Amino acid sequence: MVDLKFIRENTDAVRKVLADRQTDAALDELIDLDTQWRENLTHTQTLQAHQNQVSQQIAQLKKEKQDASETIAEMRKLSQDIKERTAEANKLKSDIDAILLTIPNMPEESTPYGTSEDDNTEIKTWGEKPSCDFDLKPHWEIAEQLDIVDFQRGAKVAGSNFVLFKGLGAKLERALIQFMLDLHTTEHGYTEVSPPFVANRPTMTGTGQLPKFESDMYRCDRHEENPDSDLFLIPTAEVPVTNLFAGEILSVDELPIYYTAYTPCFRREAGAYGKDTRGLQRIHQFDKVEMVKFTTPETSYAEHESLLKNAETVLQALGLVYRVVQHCTVELSFAAAKCYDIEVWAPARERYLEVSSCSNFEAFQARRANIRYRPEAGAKPEFVHTLNASGTALPRVVIALLETYQNADGTVRLPAVLQPYMGGLKQIG
RNA sequence: GGUGGGAUGGCUGAGUGGACGAAAGCGGCGGUCUUGAAAACCGUUGUGGCGCAAGUCACCGUGGGUUCGAAUCCUACUCCCACCGCCA
(Lines give C-alpha, C1' and ligand atoms only; values in the text may rest on other atoms or scores of the structure.)
Protein backbone atom coordinates (compact mmCIF):
# COMPACT_ATOMS: atom_id res chain seq x y z
CA MET A 1 0.00 0.00 0.00
CA VAL A 2 0.93 3.60 -0.34
CA ASP A 3 2.16 5.41 2.76
CA LEU A 4 -0.71 7.30 4.42
CA LYS A 5 1.59 10.21 5.18
CA PHE A 6 2.53 10.41 1.50
CA ILE A 7 -1.12 10.49 0.48
CA ARG A 8 -1.85 13.18 3.06
CA GLU A 9 0.97 15.36 1.75
CA ASN A 10 0.58 14.59 -1.98
CA THR A 11 -3.15 14.20 -2.38
CA ASP A 12 -3.30 15.80 -5.81
CA ALA A 13 -0.51 13.61 -7.15
CA VAL A 14 -2.37 10.54 -5.90
CA ARG A 15 -5.57 11.80 -7.48
CA LYS A 16 -3.78 12.12 -10.81
CA VAL A 17 -2.40 8.59 -10.54
CA LEU A 18 -5.89 7.23 -9.92
CA ALA A 19 -7.10 9.04 -13.04
CA ASP A 20 -4.14 7.86 -15.14
CA ARG A 21 -4.73 4.30 -14.07
CA GLN A 22 -8.45 4.69 -14.77
CA THR A 23 -9.25 3.38 -11.35
CA ASP A 24 -11.25 4.69 -8.49
CA ALA A 25 -10.70 4.87 -4.76
CA ALA A 26 -12.41 6.81 -2.02
CA LEU A 27 -9.62 9.35 -1.80
CA ASP A 28 -11.67 12.28 -0.50
CA GLU A 29 -13.28 10.09 2.11
CA LEU A 30 -9.85 8.87 3.11
CA ILE A 31 -8.56 12.40 3.65
CA ASP A 32 -11.67 13.27 5.61
CA LEU A 33 -11.40 10.17 7.82
CA ASP A 34 -7.72 10.83 8.33
CA THR A 35 -8.43 14.32 9.64
CA GLN A 36 -11.12 13.03 11.98
CA TRP A 37 -8.91 10.20 13.15
CA ARG A 38 -6.00 12.45 14.03
CA GLU A 39 -8.21 14.91 15.91
CA ASN A 40 -9.82 12.10 17.83
CA LEU A 41 -6.49 10.46 18.54
CA THR A 42 -4.84 13.59 19.89
CA HIS A 43 -7.72 14.30 22.21
CA THR A 44 -8.06 10.73 23.42
CA GLN A 45 -4.39 10.49 24.15
CA THR A 46 -4.47 13.64 26.25
CA LEU A 47 -7.16 11.98 28.35
CA GLN A 48 -5.11 8.81 28.55
CA ALA A 49 -2.10 10.77 29.74
CA HIS A 50 -4.23 12.17 32.53
CA GLN A 51 -5.56 8.73 33.37
CA ASN A 52 -2.05 7.32 33.59
CA GLN A 53 -1.01 10.14 35.90
CA VAL A 54 -3.91 9.68 38.28
CA SER A 55 -3.42 5.92 38.29
CA GLN A 56 0.09 6.55 39.58
CA GLN A 57 -1.35 8.72 42.33
CA ILE A 58 -3.81 5.99 43.31
CA ALA A 59 -0.98 3.50 43.52
CA GLN A 60 0.90 5.94 45.73
CA LEU A 61 -2.09 6.49 48.02
CA LYS A 62 -2.63 2.76 48.38
CA LYS A 63 0.99 2.24 49.23
CA GLU A 64 0.65 4.81 51.98
CA LYS A 65 -2.50 3.04 53.15
CA GLN A 66 -4.62 6.09 52.43
CA ASP A 67 -8.15 6.10 51.10
CA ALA A 68 -8.37 6.47 47.33
CA SER A 69 -12.02 5.64 46.81
CA GLU A 70 -12.99 9.19 45.88
CA THR A 71 -10.35 9.42 43.17
CA ILE A 72 -11.25 5.99 41.89
CA ALA A 73 -14.88 7.00 41.60
CA GLU A 74 -13.89 10.00 39.50
CA MET A 75 -11.69 7.89 37.30
CA ARG A 76 -14.46 5.47 36.59
CA LYS A 77 -16.18 8.07 34.41
CA LEU A 78 -13.01 9.09 32.60
CA SER A 79 -12.19 5.46 31.96
CA GLN A 80 -15.54 4.95 30.29
CA ASP A 81 -15.10 8.07 28.18
CA ILE A 82 -11.66 6.93 27.03
CA LYS A 83 -13.01 3.53 26.13
CA GLU A 84 -15.63 5.04 23.87
CA ARG A 85 -13.25 7.47 22.20
CA THR A 86 -10.67 4.73 21.65
CA ALA A 87 -13.30 2.57 20.01
CA GLU A 88 -14.17 5.49 17.74
CA ALA A 89 -10.54 6.05 16.84
CA ASN A 90 -10.06 2.36 16.08
CA LYS A 91 -13.11 2.36 13.86
CA LEU A 92 -11.82 5.39 11.97
CA LYS A 93 -8.40 3.80 11.57
CA SER A 94 -9.78 0.52 10.27
CA ASP A 95 -11.95 2.46 7.78
CA ILE A 96 -8.81 4.30 6.70
CA ASP A 97 -6.89 1.06 6.29
CA ALA A 98 -9.70 -0.47 4.28
CA ILE A 99 -9.50 2.40 1.79
CA LEU A 100 -5.70 2.38 1.80
CA LEU A 101 -5.77 -1.24 0.67
CA THR A 102 -7.68 -0.23 -2.46
CA ILE A 103 -5.25 2.47 -3.60
CA PRO A 104 -2.85 1.24 -6.30
CA ASN A 105 0.87 1.85 -6.30
CA MET A 106 2.42 5.04 -7.65
CA PRO A 107 3.98 4.39 -11.08
CA GLU A 108 7.70 4.90 -11.42
CA GLU A 109 8.47 8.02 -13.45
CA SER A 110 9.56 6.27 -16.68
CA THR A 111 6.09 4.71 -16.99
CA PRO A 112 4.49 6.03 -20.19
CA TYR A 113 1.04 7.53 -19.97
CA GLY A 114 -1.46 5.41 -21.85
CA THR A 115 -5.07 4.32 -22.12
CA SER A 116 -4.71 0.85 -23.63
CA GLU A 117 -2.17 -1.87 -24.25
CA ASP A 118 -1.34 -0.14 -27.54
CA ASP A 119 0.34 2.54 -25.47
CA ASN A 120 2.82 0.13 -23.94
CA THR A 121 6.35 0.92 -25.03
CA GLU A 122 8.19 -1.73 -27.00
CA ILE A 123 11.62 -1.91 -25.40
CA LYS A 124 13.24 -4.55 -27.60
CA THR A 125 12.65 -7.55 -29.79
CA TRP A 126 14.75 -10.69 -29.90
CA GLY A 127 15.14 -13.32 -32.60
CA GLU A 128 13.78 -13.47 -36.10
CA LYS A 129 10.27 -14.52 -36.87
CA PRO A 130 10.52 -17.83 -38.71
CA SER A 131 9.40 -18.04 -42.30
CA CYS A 132 7.95 -21.26 -43.56
CA ASP A 133 6.98 -22.92 -46.83
CA PHE A 134 3.93 -24.75 -45.50
CA ASP A 135 0.81 -23.64 -43.67
CA LEU A 136 1.43 -23.35 -39.95
CA LYS A 137 -1.06 -25.08 -37.72
CA PRO A 138 -2.29 -23.54 -34.50
CA HIS A 139 -0.95 -25.21 -31.36
CA TRP A 140 -4.22 -26.87 -30.37
CA GLU A 141 -4.35 -28.81 -33.61
CA ILE A 142 -0.74 -29.90 -33.25
CA ALA A 143 -1.28 -30.89 -29.63
CA GLU A 144 -4.37 -32.95 -30.36
CA GLN A 145 -2.79 -34.68 -33.34
CA LEU A 146 0.25 -35.60 -31.27
CA ASP A 147 -2.08 -36.64 -28.43
CA ILE A 148 -0.11 -34.61 -25.89
CA VAL A 149 -3.00 -32.44 -24.63
CA ASP A 150 -6.56 -33.62 -24.03
CA PHE A 151 -8.83 -30.59 -23.82
CA GLN A 152 -12.07 -32.58 -23.62
CA ARG A 153 -11.16 -34.72 -20.66
CA GLY A 154 -9.58 -31.84 -18.76
CA ALA A 155 -12.88 -30.01 -19.07
CA LYS A 156 -14.79 -33.14 -18.05
CA VAL A 157 -13.09 -33.46 -14.67
CA ALA A 158 -12.86 -29.78 -13.75
CA GLY A 159 -14.69 -27.58 -16.25
CA SER A 160 -13.89 -25.57 -19.33
CA ASN A 161 -10.40 -24.19 -19.66
CA PHE A 162 -8.88 -26.89 -17.54
CA VAL A 163 -6.63 -29.15 -19.57
CA LEU A 164 -4.98 -32.52 -19.35
CA PHE A 165 -1.38 -32.87 -20.45
CA LYS A 166 -0.71 -36.40 -21.55
CA GLY A 167 2.25 -38.57 -22.45
CA LEU A 168 5.05 -36.46 -23.93
CA GLY A 169 2.95 -33.37 -23.24
CA ALA A 170 3.03 -34.08 -19.51
CA LYS A 171 6.70 -34.89 -19.80
CA LEU A 172 7.32 -31.64 -21.65
CA GLU A 173 5.76 -29.72 -18.76
CA ARG A 174 8.05 -31.53 -16.34
CA ALA A 175 11.06 -30.95 -18.59
CA LEU A 176 10.36 -27.23 -18.84
CA ILE A 177 9.98 -26.89 -15.08
CA GLN A 178 13.25 -28.72 -14.50
CA PHE A 179 15.07 -26.76 -17.15
CA MET A 180 13.91 -23.39 -15.84
CA LEU A 181 14.62 -24.17 -12.19
CA ASP A 182 18.06 -25.52 -13.04
CA LEU A 183 18.83 -22.43 -15.09
CA HIS A 184 17.86 -20.01 -12.33
CA THR A 185 19.50 -21.91 -9.51
CA THR A 186 22.78 -22.71 -11.23
CA GLU A 187 23.27 -19.73 -13.57
CA HIS A 188 21.38 -16.89 -11.90
CA GLY A 189 21.98 -17.42 -8.18
CA TYR A 190 18.44 -18.17 -7.04
CA THR A 191 17.55 -20.47 -4.16
CA GLU A 192 14.79 -22.91 -4.99
CA VAL A 193 11.80 -23.03 -2.67
CA SER A 194 8.65 -25.11 -2.84
CA PRO A 195 5.91 -23.23 -1.02
CA PRO A 196 2.33 -24.15 -0.08
CA PHE A 197 -0.09 -23.94 -3.03
CA VAL A 198 -2.73 -22.34 -0.84
CA ALA A 199 -2.54 -19.07 1.06
CA ASN A 200 -4.51 -17.46 3.84
CA ARG A 201 -6.13 -14.04 3.75
CA PRO A 202 -3.30 -11.98 5.28
CA THR A 203 -0.89 -13.54 2.80
CA MET A 204 -3.19 -12.80 -0.14
CA THR A 205 -3.53 -9.24 1.14
CA GLY A 206 0.21 -8.80 1.54
CA THR A 207 0.96 -9.08 -2.17
CA GLY A 208 -2.15 -7.15 -3.21
CA GLN A 209 -4.55 -9.85 -4.54
CA LEU A 210 -6.98 -9.00 -1.75
CA PRO A 211 -9.20 -7.24 -1.03
CA LYS A 212 -9.75 -5.91 -4.56
CA PHE A 213 -9.48 -9.04 -6.66
CA GLU A 214 -11.17 -11.68 -4.57
CA SER A 215 -13.52 -12.64 -7.39
CA ASP A 216 -10.52 -13.68 -9.53
CA MET A 217 -9.36 -16.13 -6.88
CA TYR A 218 -10.34 -19.71 -6.17
CA ARG A 219 -11.45 -20.02 -2.60
CA CYS A 220 -11.12 -23.35 -0.89
CA ASP A 221 -11.71 -25.05 2.42
CA ARG A 222 -14.83 -23.06 3.17
CA HIS A 223 -18.02 -24.85 4.01
CA GLU A 224 -20.70 -24.91 6.69
CA GLU A 225 -18.61 -26.74 9.24
CA ASN A 226 -15.73 -24.38 8.71
CA PRO A 227 -17.18 -20.91 8.12
CA ASP A 228 -14.12 -19.00 9.28
CA SER A 229 -11.62 -20.81 7.18
CA ASP A 230 -10.08 -18.52 4.66
CA LEU A 231 -7.76 -20.27 2.25
CA PHE A 232 -7.24 -19.48 -1.40
CA LEU A 233 -5.54 -21.40 -4.18
CA ILE A 234 -2.53 -19.32 -5.12
CA PRO A 235 -2.78 -17.39 -8.42
CA THR A 236 1.04 -17.25 -8.57
CA ALA A 237 4.02 -18.33 -6.47
CA GLU A 238 4.62 -14.62 -5.89
CA VAL A 239 1.99 -14.78 -3.16
CA PRO A 240 3.47 -17.37 -0.79
CA VAL A 241 7.09 -16.61 -1.63
CA THR A 242 6.92 -12.82 -1.16
CA ASN A 243 5.12 -13.33 2.13
CA LEU A 244 7.74 -15.70 3.49
CA PHE A 245 9.31 -12.78 5.35
CA ALA A 246 6.09 -11.05 6.38
CA GLY A 247 6.51 -9.32 9.72
CA GLU A 248 10.25 -9.90 9.79
CA ILE A 249 13.21 -7.58 10.04
CA LEU A 250 15.99 -8.80 7.78
CA SER A 251 19.63 -7.95 8.22
CA VAL A 252 21.11 -5.86 5.40
CA ASP A 253 23.76 -8.45 4.62
CA GLU A 254 21.10 -11.03 3.84
CA LEU A 255 20.01 -8.81 0.94
CA PRO A 256 19.44 -9.19 -1.88
CA ILE A 257 17.53 -12.46 -1.51
CA TYR A 258 16.76 -14.37 -4.73
CA TYR A 259 14.14 -17.13 -4.60
CA THR A 260 12.74 -19.22 -7.40
CA ALA A 261 9.79 -21.56 -7.16
CA TYR A 262 7.74 -23.84 -9.32
CA THR A 263 4.03 -23.89 -8.51
CA PRO A 264 0.79 -24.43 -10.31
CA CYS A 265 -1.24 -21.21 -10.53
CA PHE A 266 -5.00 -21.00 -10.20
CA ARG A 267 -7.01 -18.19 -11.72
CA ARG A 268 -10.71 -17.86 -12.25
CA GLU A 269 -10.15 -15.45 -15.14
CA ALA A 270 -13.56 -14.06 -14.32
CA GLY A 271 -14.97 -12.10 -17.20
CA ALA A 272 -12.36 -13.35 -19.62
CA TYR A 273 -14.54 -15.99 -21.25
CA GLY A 274 -14.49 -15.95 -25.00
CA LYS A 275 -11.42 -13.77 -25.16
CA ASP A 276 -8.26 -15.48 -26.37
CA THR A 277 -9.24 -18.64 -24.59
CA ARG A 278 -8.71 -21.17 -27.36
CA GLY A 279 -6.32 -23.97 -26.56
CA LEU A 280 -3.69 -23.34 -23.92
CA GLN A 281 -3.77 -19.59 -24.02
CA ARG A 282 -5.88 -18.84 -20.99
CA ILE A 283 -6.45 -21.76 -18.66
CA HIS A 284 -7.57 -21.80 -15.03
CA GLN A 285 -4.66 -23.88 -13.81
CA PHE A 286 -1.20 -23.53 -15.26
CA ASP A 287 2.37 -24.26 -14.27
CA LYS A 288 4.84 -21.49 -13.72
CA VAL A 289 8.36 -21.00 -12.49
CA GLU A 290 8.60 -17.72 -10.62
CA MET A 291 11.50 -15.57 -9.46
CA VAL A 292 11.19 -13.29 -6.45
CA LYS A 293 13.71 -10.77 -5.16
CA PHE A 294 13.98 -8.86 -1.91
CA THR A 295 16.33 -5.89 -2.19
CA THR A 296 17.26 -2.57 -0.66
CA PRO A 297 15.57 0.51 -2.16
CA GLU A 298 18.90 1.70 -3.57
CA THR A 299 19.41 -1.38 -5.72
CA SER A 300 15.90 -2.36 -6.72
CA TYR A 301 15.91 -0.82 -10.19
CA ALA A 302 19.24 -2.36 -11.11
CA GLU A 303 17.88 -5.65 -9.76
CA HIS A 304 14.77 -5.16 -11.87
CA GLU A 305 16.88 -5.02 -15.03
CA SER A 306 18.84 -8.16 -14.14
CA LEU A 307 15.59 -9.91 -13.23
CA LEU A 308 14.28 -9.15 -16.71
CA LYS A 309 17.47 -10.57 -18.23
CA ASN A 310 17.09 -13.76 -16.17
CA ALA A 311 13.61 -14.27 -17.59
CA GLU A 312 14.73 -13.44 -21.13
CA THR A 313 17.48 -16.06 -20.87
CA VAL A 314 14.82 -18.77 -20.68
CA LEU A 315 13.35 -17.82 -24.04
CA GLN A 316 16.73 -17.26 -25.63
CA ALA A 317 17.86 -20.73 -24.57
CA LEU A 318 14.70 -22.18 -26.07
CA GLY A 319 15.31 -20.20 -29.27
CA LEU A 320 11.92 -18.51 -29.16
CA VAL A 321 11.24 -15.10 -30.65
CA TYR A 322 10.02 -12.53 -28.16
CA ARG A 323 9.70 -8.86 -27.39
CA VAL A 324 9.80 -6.81 -24.21
CA VAL A 325 7.26 -4.07 -23.58
CA GLN A 326 6.97 -1.64 -20.72
CA HIS A 327 3.50 -1.20 -19.28
CA CYS A 328 1.82 2.17 -19.65
CA THR A 329 -0.08 3.71 -16.73
CA VAL A 330 -3.39 2.00 -17.40
CA GLU A 331 -1.85 -1.43 -18.00
CA LEU A 332 0.27 -1.39 -14.88
CA SER A 333 -0.99 -3.91 -12.36
CA PHE A 334 -2.37 -2.74 -9.03
CA ALA A 335 0.76 -3.30 -6.95
CA ALA A 336 3.48 -2.53 -9.51
CA ALA A 337 5.53 0.66 -9.77
CA LYS A 338 7.19 -0.46 -12.97
CA CYS A 339 6.56 -3.47 -15.12
CA TYR A 340 8.00 -5.11 -18.22
CA ASP A 341 6.13 -7.85 -20.01
CA ILE A 342 7.93 -10.45 -22.03
CA GLU A 343 5.81 -11.65 -24.92
CA VAL A 344 6.68 -14.72 -26.91
CA TRP A 345 5.92 -14.97 -30.62
CA ALA A 346 3.30 -17.55 -31.61
CA PRO A 347 3.87 -17.85 -35.37
CA ALA A 348 0.76 -19.76 -36.40
CA ARG A 349 -1.63 -17.09 -35.22
CA GLU A 350 0.95 -14.36 -35.69
CA ARG A 351 0.67 -12.80 -32.31
CA TYR A 352 2.66 -12.13 -29.19
CA LEU A 353 1.64 -13.88 -25.95
CA GLU A 354 2.60 -12.68 -22.50
CA VAL A 355 4.76 -15.26 -20.72
CA SER A 356 6.36 -13.12 -18.05
CA SER A 357 5.51 -10.04 -16.09
CA CYS A 358 8.59 -8.51 -14.55
CA SER A 359 7.68 -6.02 -11.84
CA ASN A 360 9.23 -3.80 -9.24
CA PHE A 361 6.75 -3.18 -6.44
CA GLU A 362 9.12 -0.95 -4.51
CA ALA A 363 7.82 -0.85 -0.91
CA PHE A 364 4.15 -1.38 -1.82
CA GLN A 365 4.01 -5.06 -0.91
CA ALA A 366 6.61 -4.74 1.84
CA ARG A 367 4.46 -2.14 3.58
CA ARG A 368 1.38 -4.38 3.36
CA ALA A 369 3.22 -7.47 4.52
CA ASN A 370 5.53 -5.54 6.88
CA ILE A 371 8.79 -6.83 5.46
CA ARG A 372 11.68 -4.70 6.66
CA TYR A 373 15.45 -4.69 6.88
CA ARG A 374 17.92 -2.87 9.05
CA PRO A 375 20.25 -0.75 6.86
CA GLU A 376 22.99 -1.03 9.48
CA ALA A 377 23.28 -2.27 13.04
CA GLY A 378 21.38 0.03 15.36
CA ALA A 379 19.62 1.86 12.53
CA LYS A 380 15.85 2.07 12.14
CA PRO A 381 14.24 -0.68 10.07
CA GLU A 382 13.08 0.27 6.59
CA PHE A 383 10.83 -1.48 4.11
CA VAL A 384 12.56 -3.69 1.57
CA HIS A 385 11.69 -3.52 -2.09
CA THR A 386 10.09 -6.61 -3.58
CA LEU A 387 10.29 -7.68 -7.21
CA ASN A 388 9.20 -10.65 -9.19
CA ALA A 389 9.10 -12.08 -12.66
CA SER A 390 7.74 -15.20 -14.19
CA GLY A 391 10.58 -17.30 -15.35
CA THR A 392 8.36 -18.31 -17.14
CA ALA A 393 4.70 -19.34 -17.43
CA LEU A 394 4.60 -22.72 -19.16
CA PRO A 395 1.50 -23.17 -21.33
CA ARG A 396 2.20 -20.21 -23.57
CA VAL A 397 5.80 -21.31 -23.92
CA VAL A 398 4.40 -24.67 -25.01
CA ILE A 399 2.24 -22.83 -27.55
CA ALA A 400 5.30 -21.05 -28.92
CA LEU A 401 7.36 -24.24 -28.97
CA LEU A 402 4.70 -26.21 -30.82
CA GLU A 403 4.01 -23.50 -33.37
CA THR A 404 7.64 -22.49 -33.88
CA TYR A 405 9.20 -25.94 -34.17
CA GLN A 406 6.44 -27.73 -36.07
CA ASN A 407 7.33 -29.67 -39.20
CA ALA A 408 5.15 -30.08 -42.29
CA ASP A 409 4.30 -33.65 -41.20
CA GLY A 410 2.90 -32.52 -37.86
CA THR A 411 5.89 -33.53 -35.75
CA VAL A 412 7.62 -30.99 -33.51
CA ARG A 413 11.37 -30.57 -33.03
CA LEU A 414 12.70 -30.05 -29.49
CA PRO A 415 15.31 -27.35 -28.78
CA ALA A 416 18.67 -28.72 -27.70
CA VAL A 417 18.42 -27.47 -24.11
CA LEU A 418 15.27 -29.51 -23.54
CA GLN A 419 16.50 -32.76 -25.04
CA PRO A 420 18.39 -33.94 -21.94
CA TYR A 421 15.22 -33.38 -19.90
CA MET A 422 13.18 -35.37 -22.44
CA GLY A 423 15.38 -38.44 -22.21
CA GLY A 424 17.39 -37.45 -25.27
CA LEU A 425 14.34 -37.14 -27.48
CA LYS A 426 14.91 -34.80 -30.44
CA GLN A 427 11.32 -34.38 -31.52
CA ILE A 428 7.77 -35.20 -30.56
CA GLY A 429 5.86 -37.41 -32.96
C1' G B 1 -9.48 -36.47 15.75
C1' G B 2 -7.81 -36.81 21.36
C1' U B 3 -4.77 -35.18 25.54
C1' G B 4 -1.17 -32.08 27.66
C1' G B 5 2.43 -27.89 27.40
C1' G B 6 3.61 -23.29 25.23
C1' A B 7 3.70 -18.09 22.53
C1' U B 8 7.53 -11.97 26.13
C1' G B 9 12.51 -7.44 22.40
C1' G B 10 17.53 -9.58 16.91
C1' C B 11 17.96 -14.55 19.97
C1' U B 12 17.49 -17.37 24.85
C1' G B 13 14.60 -16.41 28.97
C1' A B 14 12.55 -14.09 33.99
C1' G B 15 8.26 -11.73 35.29
C1' U B 16 1.13 -13.99 38.10
C1' G B 17 -2.58 -6.60 39.42
C1' G B 18 0.45 -0.38 40.38
C1' A B 19 7.94 0.86 41.26
C1' C B 20 7.37 -3.13 34.04
C1' G B 21 8.68 -1.05 27.72
C1' A B 22 9.83 -5.06 30.72
C1' A B 23 15.36 -8.71 34.84
C1' A B 24 19.45 -11.63 33.25
C1' G B 25 22.33 -13.77 29.48
C1' C B 26 23.69 -13.96 24.26
C1' G B 27 24.27 -11.09 19.95
C1' G B 28 25.02 -5.91 17.85
C1' C B 29 27.25 -1.02 18.30
C1' G B 30 30.82 2.52 20.83
C1' G B 31 34.97 2.76 24.14
C1' U B 32 39.33 1.24 27.56
C1' C B 33 43.46 -2.07 27.12
C1' U B 34 46.58 -4.15 22.77
C1' U B 35 51.41 -3.46 17.31
C1' G B 36 46.61 -5.74 15.68
C1' A B 37 43.10 -9.26 17.30
C1' A B 38 41.01 -12.24 21.24
C1' A B 39 39.89 -12.08 26.40
C1' A B 40 38.47 -8.83 30.27
C1' C B 41 36.13 -4.38 31.74
C1' C B 42 32.86 0.18 30.93
C1' G B 43 28.87 2.29 28.23
C1' U B 44 24.95 1.64 24.82
C1' U B 45 21.15 -1.16 22.14
C1' G B 46 12.87 -2.84 20.68
C1' U B 47 8.76 -1.16 17.26
C1' G B 48 5.03 1.97 15.67
C1' G B 49 1.45 6.21 15.82
C1' C B 50 0.11 11.46 16.68
C1' G B 51 2.54 16.26 17.21
C1' C B 52 6.36 22.09 14.27
C1' A B 53 8.21 20.89 18.92
C1' A B 54 8.28 19.88 24.05
C1' G B 55 6.09 15.66 24.46
C1' U B 56 2.60 11.93 24.51
C1' C B 57 0.08 7.33 23.39
C1' A B 58 0.12 2.26 22.01
C1' C B 59 2.46 -2.48 21.56
C1' C B 60 4.52 -8.91 25.92
C1' G B 61 0.60 -14.34 19.67
C1' U B 62 -4.68 -12.15 18.01
C1' G B 63 -9.69 -10.33 19.27
C1' G B 64 -13.08 -9.34 23.20
C1' G B 65 -13.84 -8.63 28.68
C1' U B 66 -12.94 -7.39 34.16
C1' U B 67 -10.42 -3.11 36.77
C1' C B 68 -9.20 3.64 38.62
C1' G B 69 -4.95 0.62 36.70
C1' A B 70 -3.42 -5.67 32.93
C1' A B 71 2.55 -8.84 30.17
C1' U B 72 0.07 -10.54 34.77
C1' C B 73 -7.00 -12.08 35.92
C1' C B 74 -11.37 -13.99 32.61
C1' U B 75 -12.86 -15.44 27.56
C1' A B 76 -12.72 -16.86 22.41
C1' C B 77 -9.46 -17.74 18.56
C1' U B 78 -4.71 -18.64 15.86
C1' C B 79 -0.12 -20.81 15.67
C1' C B 80 3.95 -23.87 17.75
C1' C B 81 5.78 -28.25 20.60
C1' A B 82 5.04 -33.31 22.75
C1' C B 83 2.43 -37.86 23.09
C1' C B 84 -1.80 -41.06 21.33
C1' G B 85 -5.07 -42.35 17.13
C1' C B 86 -5.68 -42.21 11.79
C1' C B 87 -3.32 -41.69 7.09
C1' A B 88 -0.04 -40.66 1.60
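Just so it is clear, the model here is predicted, and its values are computed rather than measured. So you know, we letter chains A, B, ... as the sequences are listed, proteins then strands, and number each from 1.
- Among the nucleotides B/G49, B/U47, B/C68, the one closest to any side-chain atom of A/S79 is B/C68.
- At a threshold of 4.0 Å, the pair A/R201-A/E214 counts as salt-bridged, since one of the basic side-chain nitrogens sits closer than that to a carboxylate oxygen.
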N/O donor-acceptor pairs under 3.5 Å from side chains in residues 165-181 of chain A, not counting sequence neighbours:
{"from": "A/K166", "atom 1": "NZ", "to": "A/D147", "atom 2": "OD1", "distance (Å)": "3.3"}
{"from": "A/K166", "atom 1": "NZ", "to": "A/D147", "atom 2": "OD2", "distance (Å)": "2.8"}

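- Comparing B/C68, B/C50, B/U56 by their closest approach to the side chain of A/W37 singles out B/C50.
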**Report entry** Secondary structure of RNA chain B in dot-bracket form (Watson-Crick or G-U wobble, distances below 3.5 Å, | marking inter-strand pairs)
**Finding:** ((((((((.[[[..)..(.....]]]((((((.......))))))(((((....))))).[[[[[..)....]]]]])))))))....
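- Nucleotides B/G25 and B/U35 place their P atoms 30 Å apart, quoted to the nearest Å.
- Ranking B/U67, B/C68, B/C50 by closeness to the A/K62 side chain, first place goes to B/C68.
- Side-chain N/O atoms of A/N90 and A/T86 include no donor and acceptor closer than 3.5 Å.
- Take the nearest nucleotide of RNA chain B for A/K93 and for A/Q56: the residue whose nucleotide is more 5' is A/Q56.
- Nearest nucleotide to the A/R374 side chain, out of B/U47, B/C50, B/G18: B/U47.
- Remark: A/D95 engages A/K91 in a salt bridge, criterion side-chain N to carboxylate O under 4.0 Å.
- Summarising the geometry, the separation between CG on A/N200 and P on B/G61 is reported as 20 Å, rounded to the nearest angstrom.
- Among the protein residues, A/I58 comes within range of the nucleic acid bases, having at least one heavy atom under 4.0 Å from a base atom.
- Distance check on atom P: B/G61 versus B/U12 gives 14 Å, rounded to whole Å.
- Here the P atom of nucleotide B/G49 and the CD atom of A/Q48 are 17 Å apart, to the nearest Å.
- Among the protein residues, A/K77 comes within range of no part of the nucleic acid, since none of its heavy atoms lies under 4.0 Å from any strand.
- Across the interface with RNA chain B, nearest-nucleotide mapping of A/P381 and A/N90 shows A/P381 to be the residue nearer the 5′ end.
- When the side-chain nitrogen and oxygen atoms of A/N52 are compared with OP1 and OP2 of B/C57, one or more of them lie within a distance under 4.0 Å.
- Put simply, the side chain of A/Q51 and the base of B/G69 share no donor and acceptor less than 3.5 Å apart.
- Considering all non-hydrogen atoms of both residues, A/N243 and A/T203 come closest at ND2-O, 2.8 Å.
- At the phosphate of B/G48, OP1 or OP2 sits under 4.0 Å from a side-chain N or O atom of A/K380.
- Nearest to the side chain of A/I249, among B/C50, B/U66, B/G10, sits B/G10.
- Nucleotides B/G18 and B/C26 are separated by 29 Å at their P atoms, to the nearest Å.
- Residue A/T42 is classed as a sugar-phosphate contact, given heavy-atom separations below 4.0 Å to backbone atoms only.
- Within a 6.0 Å sphere centred on CD of A/E9, heavy atoms belonging to other residues, nucleotides or ligands number more than 12.
- Aromatic ring orientation, A/F162 versus A/H284: tilted (interplanar angle from 30° to 60°).
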Query raised in the report: Is there a salt bridge (Lys or Arg N to Asp or Glu O under 4.0 Å) between A/D28 and A/R15 once you walk through the steps?
Result: CA-CA 9 Å; A/D28 292 321; A/R15 201 184 309 280; 3.0 Å; yes
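- Spacing of C1' atoms, B/A7 relative to B/C86, comes out at 28 Å, to the nearest Å.
- Look at the C1' atom in both B/U78 and B/G85: the space between them is 24 Å, to the nearest Å.
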